[in-house]
K.L.:
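Quick one: structure below, then a few questions.
Predicted, not measured: the structure shown is a model, and the values here were computed from it. The sequence lines fix the lettering, A, B, ..., with proteins before strands; numbering per chain opens at 1.
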Number of protein chains: 2
Amino acid sequence: MGKSPNISNQIRSLRFHHEEMTQQQLADLVGVTRQTINAIEHNKYSPSLEVAFKIAVAFNKPLTEVFQYEAH
Amino acid sequence: MGKSPNISNQIRSLRFHHEEMTQQQLADLVGVTRQTINAIEHNKYSPSLEVAFKIAVAFNKPLTEVFQYEAH
DNA sequence: ACACCATGTCAAAAATATTATACATTAATA
DNA sequence: TATTAATGTATAATATTTTTGACATGGTGT
C-alpha cells in the first residue's frame with residue numbers, strides 16, 4: 001500500500017540498543033536484504049506482516065513495541 | 001512472503017463475536033476486497049502490516065491478539 | 001592519502017499481495 | 001421452487017514489496 005505515513009517504527013533506536021546492531025546484521029537475522037531494512041526503517045512502504053514479526057523476534061520485543069499504527 | 005504457515009489469526013472467530021460480521025463487511029471496514037479477507041483468513045499469504053493493523057482496528061483489538069507468529 | 005564500513009539511494013527485475021470478474025456451493029427463506 | 005446472502009475458489013491483471021547490483025557519502029583508522 002505504498003508509502004505508509006500512518007505506521008511508524010522504532011527499528012533504528014532498537015538497533016542501537018542492541019550493541020549497535022548494523023542494518024546488515026539485522027537483515028541477516030531477519031532473512032531480508034539490507035535495502036529492505038533501510039526502506040522499512042525510513043517508512044518507504046509497509047512491510048509484510050511476516051517480515052514485521054521477524055524483526056520483532058530479532059529484537060525480542062512484541063511487534064507492537066516495534067511498530068505503531070495511528071489511524072487518520 | 002508467499003504462503004505463511006507460521007502466522008495464524010483469529011479473524012473468523014472475531015467476526016462471529018462481532019454480531020456475525022461478514023467477510024464483506026470486514027473488507028469494507030478495512031478497505032480491501034472480500035477475496036483479500038478470505039485469503040488472509042485462510043492463511044494463503046501474509047498481509048501487509050498496514051492491512052493487518054486495520055483489521056485489528058476493525059475489531060478494536062491489539063494486532064497481536066488477531067495475529068500470532070510462531071517461529072519454527 | 002588510502003582503505004574500510006555503515007549508510008542512503010536508485011533503477012530494473014523478481015516475487016508476492018491485492019483487485020476484478022466470474023462461477024459453484026450451501027443455507028436460509030419466501 | 002426460486003431467490004438471496006455468504007462463502008470458497010480460480011484466473012488474469014495490477015499494485016506493492018523485495019531483491020539484486022551499483023554507486024555516492026561521511027566517518028574511522030592506518
K.L.:
Five pairs per end, C1' atoms only: what is the angle between the end axes of the helix from C:dA1-D:dT30 to C:dA30-D:dT1, to 10 degrees?
P.N.:
30°

K.L.:
Mark yes or no for whether B:N9, through its side chain, and B:N43, through its backbone, hold a donor-acceptor pair below 3.5 Å.
P.N.:
no

K.L.:
Which heavy atom in B:I7 sits nearest to a heavy atom in B:Y69, and how many Å separate them?
P.N.:
CG1-CD1, 3.7 Å

K.L.:
What's the CG-C1' distance between B:N43 and C:dA17, to the nearest Å?
P.N.:
14 Å

K.L.:
Sequence neighbours left out, cut at 3.5 Å: what donor-acceptor pairs do the side chains of residues 18-27 of chain A make with other protein atoms?
P.N.:
{"unit_1": "A:Q23", "atom_1": "OE1", "unit_2": "A:N38", "atom_2": "ND2", "d": "3.3"}
{"unit_1": "A:Q24", "atom_1": "NE2", "unit_2": "A:D28", "atom_2": "OD1", "d": "3.1"}
{"unit_1": "A:Q25", "atom_1": "OE1", "unit_2": "A:T22", "atom_2": "N", "d": "2.8"}

K.L.:
Within the structure, does a side-chain N or O atom of B:T36 lie under 4.0 Å from either OP1 or OP2 of C:dT18?
P.N.:
no

K.L.:
Is it the case that over 12 heavy atoms from other parts of the model lie below 6.0 angstrom from the NE2 atom of B:H42?
P.N.:
yes

K.L.:
Roughly how many Å is it from CD in B:E20 to C1' in D:dT7, rounded to a whole number?
P.N.:
14 Å

K.L.:
Looking at B:S48, I'd like to know whether one of its side-chain N or O atoms comes within less than 4.0 Å of OP1 or OP2 on C:dT18.
P.N.:
yes

K.L.:
Starting at atom CG of A:L49, determine the distance to atom P of C:dT18, rounded to an integer number of angstrom.
P.N.:
10 Å

K.L.:
Locate the shortest heavy-atom distance separating A:P62 from A:A56; write the atom from each residue and the value.
P.N.:
C-CB, 4.2 Å

K.L.:
Which pairs, with at least one residue in residues 58-68 of chain B and sequence neighbours excluded, count as a salt bridge (Lys or Arg N to Asp or Glu O under 4.0 Å)?
P.N.:
B:K61-B:E65

K.L.:
May I have the step-by-step check of side-chain contact (heavy atoms from CB on, under 4.5 Å) for A:H17 and A:F59, ending in yes or no?
P.N.:
CA-CA 9 Å; A:H17 286 345; A:F59 290 132; over 6 Å; no

K.L.:
In whole angstroms, how far is the C1' atom of D:dT17 from the NZ atom of A:K54?
P.N.:
14 Å

K.L.:
Given the rule in the side-chain contact (heavy atoms from CB on, under 4.5 Å) test, do B:F67 and B:I55 qualify, once you have shown the distances and angles that lead to the verdict?
P.N.:
CA-CA 10 Å; B:F67 296 94; B:I55 292 174; 4.1 Å; yes

K.L.:
Could you work out, with side-chain hydrogen bond (donor to acceptor under 3.5 Å, both in side chains) as the rule, every residue matching A:T64, not counting sequence neighbours?
P.N.:
none

K.L.:
How many Å lie between CD1 on B:I37 and C1' on D:dA6, as a whole number?
P.N.:
14 Å

K.L.:
Can you tell me the distance, in whole Å, between the CG atom of A:D28 and the C1' atom of C:dA6?
P.N.:
14 Å

K.L.:
Could you check whether any side-chain heavy atom of B:L63 comes within less than 4.5 Å of a side-chain heavy atom of A:L49, counting everything from C-beta outward?
P.N.:
yes

K.L.:
Show each protein N/O and nucleotides 7-11 of chain C N/O combination with a separation under 3.5 Å, one pair to a line.
P.N.:
{"unit_1": "C:dT7", "atom_1": "OP1", "unit_2": "A:R15", "atom_2": "NH1", "d": "2.8"}
{"unit_1": "C:dT7", "atom_1": "OP1", "unit_2": "A:R15", "atom_2": "NH2", "d": "3.4"}
{"unit_1": "C:dT7", "atom_1": "OP2", "unit_2": "A:T22", "atom_2": "OG1", "d": "2.6"}
{"unit_1": "C:dT7", "atom_1": "OP2", "unit_2": "A:Q23", "atom_2": "N", "d": "2.8"}
{"unit_1": "C:dG8", "atom_1": "OP1", "unit_2": "A:R12", "atom_2": "NH2", "d": "2.7"}
{"unit_1": "C:dG8", "atom_1": "OP1", "unit_2": "A:H42", "atom_2": "NE2", "d": "3.3"}
{"unit_1": "C:dG8", "atom_1": "OP2", "unit_2": "A:R12", "atom_2": "NH2", "d": "3.1"}
{"unit_1": "C:dG8", "atom_1": "OP2", "unit_2": "A:Q23", "atom_2": "NE2", "d": "2.9"}
{"unit_1": "C:dG8", "atom_1": "OP2", "unit_2": "A:N38", "atom_2": "ND2", "d": "2.9"}
{"unit_1": "C:dG8", "atom_1": "OP2", "unit_2": "A:H42", "atom_2": "NE2", "d": "3.2"}
{"unit_1": "C:dG8", "atom_1": "N7", "unit_2": "A:R34", "atom_2": "NH1", "d": "3.3"}
{"unit_1": "C:dG8", "atom_1": "O6", "unit_2": "A:R34", "atom_2": "NH2", "d": "2.8"}
{"unit_1": "C:dT9", "atom_1": "O4", "unit_2": "A:R34", "atom_2": "NH2", "d": "3.4"}

K.L.:
In residues 55-64 of chain A, which ones come under 4.0 Å of DNA chain C, going by heavy atoms?
P.N.:
none

K.L.:
Looking at residues at least two apart in the chain, or sitting in another chain, which of them share a salt bridge (charged side-chain N to carboxylate O under 4.0 Å, His left out) with B:R12?
P.N.:
B:E41

K.L.:
How close or far is atom P of D:dT16 from atom CD1 of A:I40, stated in whole angstroms?
P.N.:
16 Å

K.L.:
Over how many whole Å does the gap from A:E50 atom CD to C:dA15 atom C1' extend?
P.N.:
13 Å

